[in-house]
Visitor: 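What follows is a structure written as structure tokens; I'll ask about it next.
These values consider heavy atoms only, across backbone and side chains, with no hydrogens, waters or symmetry-generated copies. Source: prediction; values computed, not measured.
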Amino acid sequence: MRYIIRFTEEARMHLRQLSAGERKRALNRIEAVLGDEPTRITRNLKLLRPNPLAHYELRVGALRVFFNVEERRASVLVLSVGRKEGAGLWIGGREVRI
């Protein structure tokens, strides 16, 4: 089953802040991984502990894509895109703790 991928306005803003190469790499991985099996846990996709940000995280190099899956609607909602720098996670210009 193919999942529909949707983006929040905040996630779109985060993507616009990336370089063209990073944005292309992130969107290609989002489409490839989240379109087919968004809940299949792998080395680069993990289920997060309960937190206010998202249920899942997809790693794309130093980038982190946070999303939720709506099984009933067969859709994925990308909530935000951040960058891992050392021990910190930066989303929208702010350091975030999960």
Side-chain angles (χ1 to χ4, degrees):
M1 169 174 51
R2 191 81 180 143
Y3 284 76
I4 297 167
I5 300 172
R6 300 179 298 126
F7 295 84
T8 63
E9 190 55 42
E10 185 176 23
R12 290 178 192 276
M13 181 189 70
H14 297 157
L15 286 167
R16 283 192 297 269
Q17 293 173 347
L18 301 175
S19 70
E22 287 177 318
R23 185 171 40 252
K24 182 177 180 180
R25 203 168 344 151
L27 290 172
N28 285 343
R29 291 298 295 158
I30 289 168
E31 181 66 29
V33 175
L34 304 186
D36 290 325
E37 297 182 286
T39 58
R40 182 172 173 246
I41 306 305
T42 66
R43 190 173 75 174
N44 292 315
L45 192 155
K46 68 179 184 178
L47 177 64
L48 299 173
R49 287 180 276 181
N51 69 76
L53 188 58
H55 295 142
Y56 292 90
E57 171 189 276
L58 174 65
R59 294 187 314 184
V60 183
L63 301 177
R64 302 297 185 263
V65 178
F66 297 95
F67 65 97
N68 289 340
V69 177
E70 299 172 4
E71 290 290 346
R72 292 178 302 143
R73 297 176 67 189
S75 71
V76 171
L77 179 61
V78 176
L79 302 165
S80 59
V81 179
R83 178 184 307 281
K84 185 78 168 164
E85 293 179 4
L89 173 64
W90 295 82
I91 298 176
R94 295 187 347 240
E95 188 171 16
V96 177
R97 296 189 190 270
I98 298 180

Visitor: Atom CZ of Phe66 and atom OG1 of Thr8: how far apart are they, to the nearest 0.5 Å?
Guide: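 These two atoms lie 12.5 Å from each other.
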Visitor: To the closest 0.5 Å, what do you measure between CG (Leu63) and CG (Leu89)?
Guide: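 Answer rounded to 0.5 Å: 10.5 Å.
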Visitor: Considering only heavy atoms from C-beta outward, does the side chain of Val60 approach that of Val33 to under 4.5 Å?
Guide: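 Not touching, per the 4.5 Å side-chain cut-off.
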Visitor: Rounded to the nearest 0.5 Å, what's the gap from CG on Leu48 to CG on Leu53? Could you check?
Guide: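 Leu48 CG to Leu53 CG: 7.5 Å, rounded to 0.5 Å.
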Visitor: Arg73: which residues meet the salt bridge (charged side-chain N to carboxylate O under 4.0 Å, His left out) condition with it, sequence neighbours left out?
Guide: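 Residues passing salt bridge (charged side-chain N to carboxylate O under 4.0 Å, His left out) with Arg73: Glu70.
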Visitor: Checking Arg83 side chain against Trp90 main chain: does a donor-acceptor pair fall under 3.5 Å?
Guide: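 Not confirmed, Arg83 side chain does not pair with Trp90 backbone.
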Visitor: Under a 4.5 Å cut-off applied to non-hydrogen side-chain atoms, are Phe67 and Leu79 in contact?
Guide: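 Not touching, per the 4.5 Å side-chain cut-off.
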Visitor: Side chains of Arg64 and Arg59, heavy atoms from C-beta outward: is any pair under 4.5 Å?
Guide: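 In contact.
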Visitor: Out of curiosity, does Met1 fall in the hydrophobic cluster containing Ile4 (side-chain heavy atoms, cut-off under 4.5 Å, transitive links)?
Guide: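 No.
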Visitor: Does the side-chain contact (heavy atoms from CB on, under 4.5 Å) test come out yes or no for His14 and Ile91, once each step is laid out?
Guide: CA-CA 7 Å; His14 297 157; Ile91 298 176; 3.2 Å; yes
Visitor: Would you indicate whether the side-chain heavy atoms of Arg6 and Val78 approach each other to under 4.5 Å?
Guide: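 In short, these two side chains do not touch, never coming nearer than 4.5 Å.
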Visitor: Quick one: OG1 on Thr42 to CG on Leu58, what's the gap to the nearest 0.5 Å?
Guide: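 Reported to 0.5 Å precision, the distance equals 7.5 Å.
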Visitor: Between Glu95 and Gly88, which heavy-atom pair has the shortest distance, and what is it?
Guide: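 Closest approach of Glu95 to Gly88, heavy atoms only: OE2-CA, 3.5 Å.
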Visitor: Evaluate the side-chain proximity of Ile5 to Glu31: yes if any heavy-atom separation is below 4.5 Å, no if none is.
Guide: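 Yes - at least one pair of side-chain heavy atoms lies under 4.5 Å apart.
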Visitor: Does the side chain of Thr39 come within less than 4.5 Å of Tyr56's, by heavy atoms?
Guide: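 Heavy-atom side-chain distance check passes, below 4.5 Å.
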Visitor: Is a side-chain donor or acceptor of Asn51 paired with a backbone partner of Ala54 at a separation under 3.5 angstrom?
Guide: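 Between the backbone of Ala54 and the side chain of Asn51 there is a qualifying donor-acceptor contact (under 3.5 Å).
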Visitor: When rounded to the nearest 0.5 angstrom, what is the spacing between CD in Glu37 and CZ in Arg2?
Guide: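 Output value for this atom pair is 10.5 Å.
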Visitor: Please report the shortest heavy-atom distance between Ala26 and Leu15, naming the atom on each side.
Guide: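 Ala26 and Leu15 have their closest heavy atoms at CB-CD2, 4.3 Å.
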Visitor: Is the closest side-chain heavy-atom distance between Phe7 and Val81 below 4.5 Å?
Guide: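 With C-beta onward as the side chain, the pair stays apart.
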Visitor: With a cut-off of 6.0 Å (strictly less than), are more than 12 heavy atoms of other residues, nucleotides or ligands near NZ of Lys84?
Guide: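 More than 12 heavy atoms, drawn from other residues, nucleotides or ligands, come within 6.0 Å of this atom.
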Visitor: Roughly how far, to the nearest 0.5 Å, is CG of Leu77 from CG of Leu34?
Guide: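 Separation between the atoms: 11.0 Å.
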